[in-house]
Amino acid sequence: MVNALTLYASIPLQIPRVEQFVSRVAKEGFSKATVSLHGAWLGRVPEQQYFDESMPASEAVVFAMTAYGDSESAASLVTIHDDYRYIQPTIFEMQIDWGNVAVHARMNLIEALATANRSRDPEWLADVYGQAILPYLSMLRDGNQSPEQIAHLASRDQDVVAGHLYNNKILNHDGSLYLSAFKIKLPVDPSRITNAFMLPPGDRTPLYERQETIIQMELEEYLAKNPL
């Protein structure tokens with residue numbers, strides 16, 4: 001297993017602020033202060049994220065930010081949410097140590113475990129999170145912990161992180177398409193940020209094109225079986 005993962009964070013920036021923010025990140029990296037500054041510029045308080053959500057909030061809790069396993073997923077997220085007249089989506093490429101990465105439990109893992117527990121069918125779960133997730137499904141079925149508790153436990157398993165990193169099924173969370181979503185510990189040293197690039201206005205990522213192809217194939221298959 002390599003020492004670091006290449007992950008991508010998508011940051012929607014107000015157009016006048018892009019150069020200033022990128023320059024600050026290049027000097028300081030990502031920290032709670034950097035992320036809070038970005039939220040203040042957008043006129044909203046960013047959601048507080050903790051690397052380990054199973055721990056109660058305290059000063060000892062390490063803050064985190066969301067990142068994705070591929071640039072297409074990061075681009076797809078900002079394509080939906082941002083108004084290109086005022087916002088310039090910017091993607092940061094980072095090298096993050098395995099120990100500083102966890103699967104983003106609230107982006108489908110909790111729901112996926114609960115669904116697999118109800119359906120008794122672990123195939124889809126293993127496709128998305130790898131075979132290493134199956135012992136956690138067994139823990140959910142055999143114990144008295146909730147899907148949320150088990151998901152937060154599984155999210156820090158490096159084998160589950162690796163399984164999710166190589167997922168090729170398109171996932172959807174609140175209208176955003178992606179393949180794999182993670183939390184990374186803050187701070188991120190600037191030496192770990194290897195690239196930053198902006199999306200052109202109106203850009204449609206291959207992830208959207210793939211999703212549209214899947215929907216079209218499913219529709220054609222349904223109509224073949226159920227003619228109008």
Side-chain angles (χ1 to χ4, degrees), residues 1-10 46-70 72-74 76-77 80 94 96-186 188 207 210-211 214-215 218:
M1 187 177 291
V2 295
N3 292 330
L5 296 79
T6 302
L7 298 178
Y8 301 84
S10 52
E47 177 187 359
Q48 292 281 56
Q49 295 192 53
Y50 305 103
F51 185 71
D52 184 352
E53 292 186 272
S54 64
M55 296 174 60
S58 71
E59 292 183 1
V61 173
V62 178
F63 289 93
M65 65 184 291
T66 300
Y68 300 86
D70 64 291
E72 289 180 24
S73 294
S76 295
L77 181 82
I80 286 181
M94 299 172 286
I96 307 296
D97 291 338
W98 283 87
N100 293 334
V101 179
V103 173
H104 200 311
R106 296 193 183 279
M107 292 185 69
N108 279 318
L109 178 54
I110 297 172
E111 181 182 353
L113 276 167
T115 301
N117 185 39
R118 290 193 301 268
S119 67
R120 319 301 292 182
D121 179 10
E123 182 177 346
W124 185 87
L125 187 69
D127 285 346
V128 174
Y129 297 100
Q131 294 294 316
I133 194 66
L134 297 181
Y136 294 97
L137 178 60
S138 297
M139 290 172 59
L140 178 60
R141 291 174 173 172
D142 299 338
N144 56 6
Q145 292 181 287
S146 68
E148 184 173 4
Q149 291 172 316
I150 296 295
H152 291 316
L153 181 63
S155 69
R156 300 187 304 280
D157 185 323
Q158 290 189 9
D159 290 328
V160 175
V161 170
H164 190 43
L165 180 66
Y166 298 113
N167 168 52
N168 60 10
K169 291 184 179 296
I170 298 174
L171 305 176
N172 187 319
H173 179 77
D174 290 341
S176 297
L177 305 180
Y178 64 97
L179 299 177
S180 54
F182 303 93
K183 284 188 174 183
I184 57 177
K185 281 184 179 180
L186 293 177
V188 176
L207 205 60
R210 284 172 53 188
Q211 177 73 347
I214 291 171
I215 292 172
E218 290 175 346

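Closest approach of Ser10 and Ala74 over heavy atoms only: CB-O, 3.3 Å. Residue Arg106 comes nearest to His173 through the heavy atom pair O-CE1, 3.2 Å, listed as atom of the first residue, atom of the second, then distance. The shortest non-hydrogen separation linking Ala132 to Asp159 is CB-CB, 3.5 Å. When all heavy atoms of Asp97 and Ala4 are compared, the pair lying nearest together is OD1-CB, 4.0 Å. The two residues Leu134 and Ala126 come nearest to each other via the heavy atoms CD2-CB, 4.2 Å. Taking every heavy atom of both residues into account, Ser155 and Val161 meet most closely at O-CG2, 3.6 Å.
Between the side chain of Asp70 and the main chain of Glu72, a donor-acceptor pair closer than 3.5 Å is present. Using a distance-only test at 3.5 Å, with no hydrogens or angles considered, no donor-acceptor pair links the side chain of Tyr8 to the main chain of Ser73. Side-chain atoms of Ser180 never come within 3.5 Å of backbone atoms of Asn167 as a donor-acceptor pair (strictly under, hydrogens ignored). With hydrogens and angles ignored, the 3.5 Å screen pairs no side-chain donor or acceptor of Asn100 with any backbone N or O of Lys185.
The shortest side-chain heavy-atom distance between Asn117 and Pro147 does not fall under the 4.5 Å cut-off. Taking the side chain as every heavy atom from C-beta outward, Leu165 and Leu7 approach each other to under 4.5 Å. Using a 4.5 Å cut-off on side-chain heavy atoms (C-beta onward), Val160 and Tyr136 make contact. Leu153 is listed as a side-chain neighbour of Arg156, based on a closest heavy-atom distance under 4.5 Å. Residues Leu171 and Leu177 form no side-chain contact, since every pair of their non-hydrogen atoms from C-beta on lies 4.5 Å or further apart. Contact annotation: the side chain of Asn108 approaches that of Tyr178 to within less than 4.5 Å [non-hydrogen atoms, C-beta and beyond].
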- Message: Set out, in order, the CA-CA distance, both residues' side-chain angles and the distance that settles side chain to side chain contact (heavy atoms under 4.5 Å, CB included) for Ile133 and Leu109, then state yes or no.
- Response: CA-CA 10 Å; Ile133 194 66; Leu109 178 54; 4.0 Å; yes

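Applying the ring pair (Phe, Tyr, Trp, His ring centres under 6.0 Å) rule to Phe182 yields the partners His164; only residues at least two apart in sequence or on another chain are considered.
Between atom NE2 of residue His152 and atom CD1 of residue Ile110 there is a gap of 4.5 Å, rounded to the nearest 0.5 Å. In this structure, Ile150 CD1 and Leu113 CG are separated by 8.0 Å, a value rounded to the nearest 0.5 Å. The structure places NZ of Lys183 at 6.5 Å from OG1 of Thr66, a figure rounded to the nearest 0.5 Å. Atoms CG and CG, from Asp142 and Leu137 in turn, are 9.0 Å apart once rounded to the nearest 0.5 Å.
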